[in-house]
Protein chains: 2
Amino acid sequence: MKKWNKDKEELVSLGRIFSYHSAKAKAPDGSVSGDFDVLHFADWVNIVALTKDDEIILIKQYRVGNDDVTIETPGGAFEMGEDPLDTAKREMLEETGYESKNWEKLTAINPNPAFMTNKLHIFLALDCELTSPQNLDELEDIEVFTCPISELHEMIKADKIDHSLVITALFFAAYKVDALKAFV
Amino acid sequence: MKKWNKDKEELVSLGRIFSYHSAKAKAPDGSVSGDFDVLHFADWVNIVALTKDDEIILIKQYRVGNDDVTIETPGGAFEMGEDPLDTAKREMLEETGYESKNWEKLTAINPNPAFMTNKLHIFLALDCELTSPQNLDELEDIEVFTCPISELHEMIKADKIDHSLVITALFFAAYKVDALKAFV
């Protein structure tokens, strides 16, 4: 199957975390064309972070989209010119105070290719140790906790973890960590 | 941890698939408040659809966000007042021509609670049978194919399936279908 031809984008509105564009795309045979919503975001990272005792490091934070507190893996957005691994190390340290000397990049996926242009880079951090206090942005309000991997399954089943990007990160980490494979 | 107080939203821009609002939210103790981007979408469905021979029904379609053809499970957005199961049946029939008499709702998750208000409803459809030709919207260009469940693992490893919502749907289906558990 051939891809369509996206021939121009126009800025509709500049948001805080994205820029909203209208894009025109045309079928390969030229028979049909239409206008589509496109959101440009910075790339994101998500970190499946395990301690030496095989507990997973999770965060609770208020999210305005669902207007509730969610349980997530640590993560965040690239700063200008930042490398994915540096972003992951920075976000984990800022949000949780944990560091690791054992990082592995698992994959980069599309959060939602229907209308979003960015990628989510998923990392596994093993043997994490608490080295610092949190260092949060003014509008971040994050509670850190660890829990045994064996409790993840129940948290997902009970809709306590219900963020698609967190579930996707756990999925890829389960390819690498047997203890996760058994319980996600 | 307490949730913040979201006290008002203002419409910034009306898109084709969302409405973009600016929301004001305040920390529970009133110490900090800020403005956040919020996108209102209709709820979505995603269907893990298996044939009687345990092949999975997948679609290829051009996506303007990543400007490429993606491989996905069938799915789509609620129409006004539509029930999740009716949406799932309609989208599967329109996009693929397949029907099932064996539907199960697996869960509803947050596609991205950081800024999106909607839910993704995930369904499992077993014993699917091809009953009709596709019935696509003018701007839909979708190719249907089936593949053995045993090939899913390689498709994910090779980044051929890299849409977070598709991976999330497969993850939940794997709780129910042993053949999926082995290969996702």
Side-chain angles (χ1 to χ4, degrees), chain A residues 1-4 6 12-13 15-18 20 22-23 25 27-28 32-39 60-70 72 107-120 138-139 141-143 156-157 159 162-165 167-168 170-172 175 184, chain B residues 1-4 6 12-13 15-18 20 22-23 25 27-28 32-39 60-70 72 107-120 138-139 141-143 156-157 159 162-165 167-168 170-172 175 184:
Chain A
M1 178 174 186
K2 283 187 186 167
K3 81 185 201 68
W4 288 33
K6 191 169 76 163
V12 178
S13 186
R16 293 166 195 86
I17 58 170
F18 55 72
Y20 166 29
S22 181
V32 184
S33 77
D35 297 305
F36 298 86
D37 291 334
V38 176
L39 297 177
K60 287 185 188 178
Q61 66 181 320
Y62 170 72
R63 291 302 205 172
V64 73
N66 67 336
D67 190 27
D68 209 348
V69 173
T70 62
E72 305 184 16
T107 188
I109 55 105
N110 290 311
N112 197 323
F115 60 94
M116 292 164 58
T117 59
N118 68 333
K119 290 273 185 182
L120 171 69
E138 194 197 3
L139 290 178
D141 177 16
I142 290 176
E143 198 177 296
I156 293 171
K157 287 273 205 186
D159 296 333
D162 65 353
H163 185 324
S164 78
L165 298 182
I167 290 164
T168 301
L170 292 170
F171 174 90
F172 282 101
Y175 280 142
V184 296
Chain B
M1 176 174 187
K2 282 188 185 167
K3 80 184 201 74
W4 287 33
K6 190 170 76 165
V12 178
S13 185
R16 293 168 194 88
I17 57 170
F18 55 72
Y20 166 30
S22 180
V32 185
S33 75
D35 297 305
F36 297 86
D37 292 333
V38 176
L39 297 177
K60 287 185 188 177
Q61 67 181 317
Y62 170 73
R63 291 301 205 173
V64 74
N66 67 337
D67 190 26
D68 209 347
V69 173
T70 62
E72 305 184 14
T107 189
I109 55 106
N110 290 310
N112 197 323
F115 61 93
M116 291 163 57
T117 60
N118 68 331
K119 290 273 185 185
L120 171 70
E138 194 197 4
L139 290 178
D141 176 17
I142 290 176
E143 198 178 297
I156 293 170
K157 286 274 204 183
D159 297 333
D162 65 354
H163 185 323
S164 78
L165 299 182
I167 290 163
T168 301
L170 291 170
F171 174 90
F172 282 101
Y175 280 142
V184 297

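Below, read A as the first sequence line, B as the second, and so on, with proteins coming before strands; counting in each chain starts at 1. Every heavy atom of this structure was used, including side-chain atoms; hydrogens, water molecules and symmetry mates were not. The model shown is predicted, which means the values in this text are computed figures rather than measured ones.
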At a heavy-atom separation under 4.5 Å, does [X] approach chain A through its side chain, its backbone, both, or neither?
X	answer
B/V64	both
B/T107	side chain
B/D35	both
B/K2	backbone

Locate the shortest heavy-atom distance separating [X] from [Y]; write the atom from each residue and the value.
X	Y	answer
A/W4	B/D67	O-OD1, 4.2 Å
A/R63	B/P113	CB-O, 3.2 Å
A/D37	B/G15	OD2-C, 3.5 Å
A/Q61	B/M1	CA-CE, 3.9 Å
B/Y62	A/K6	OH-CB, 3.6 Å

Next on the checklist: If you count heavy-atom pairs within less than 4.5 Å of chain B, which of A/E72, A/K119, A/K60 leads?
Outcome noted: A/K60
Checklist entry - Does a side-chain heavy-atom distance below 4.5 Å link A/V32 with B/D141? => result no
Next on the checklist: Is any side-chain heavy atom of B/H163 closer than 4.5 Å to one of A/N112?
Outcome noted: yes
Largest heavy-atom contact set with chain A, pairs under 4.5 Å, which of [options]:
options	answer
B/L165, B/L139, B/V12	B/L139
B/G34, B/A25, B/P111, B/A108	B/P111
B/N118, B/L170, B/N110, B/T117	B/N110

Checklist entry - Which atoms of A/S13 come close to chain B, meaning under 4.5 Å heavy atom to heavy atom: side chain ones, backbone ones, both, or neither? => result side chain
Checklist outcome for this item: Bottom line for A/L39: the part with an atom under 4.5 Å from chain B's heavy atoms is side chain
Checklist entry - Does the ring centre of B/Y20 sit less than 6.0 Å away from the ring centre of A/F18? => result yes
Next on the checklist: Can you tell whether the side chains of A/D68 and B/K3 come within less than 4.0 Å, N to carboxylate O?
Outcome noted: no
Checklist entry - Does B/T168 offer a backbone N or O that forms a donor-acceptor pair with the side chain of A/S164 under 3.5 Å? => result no
Next on the checklist: Assess the residue pair B/F172 and A/I156 against the criterion (side chain to side chain contact (heavy atoms under 4.5 Å, CB included)); give the C-alpha distance rounded to whole Å, side-chain angles, the decisive distance to 0.1 Å, and a yes or no.
Outcome noted: CA-CA 9 Å; B/F172 282 101; A/I156 293 171; 3.6 Å; yes
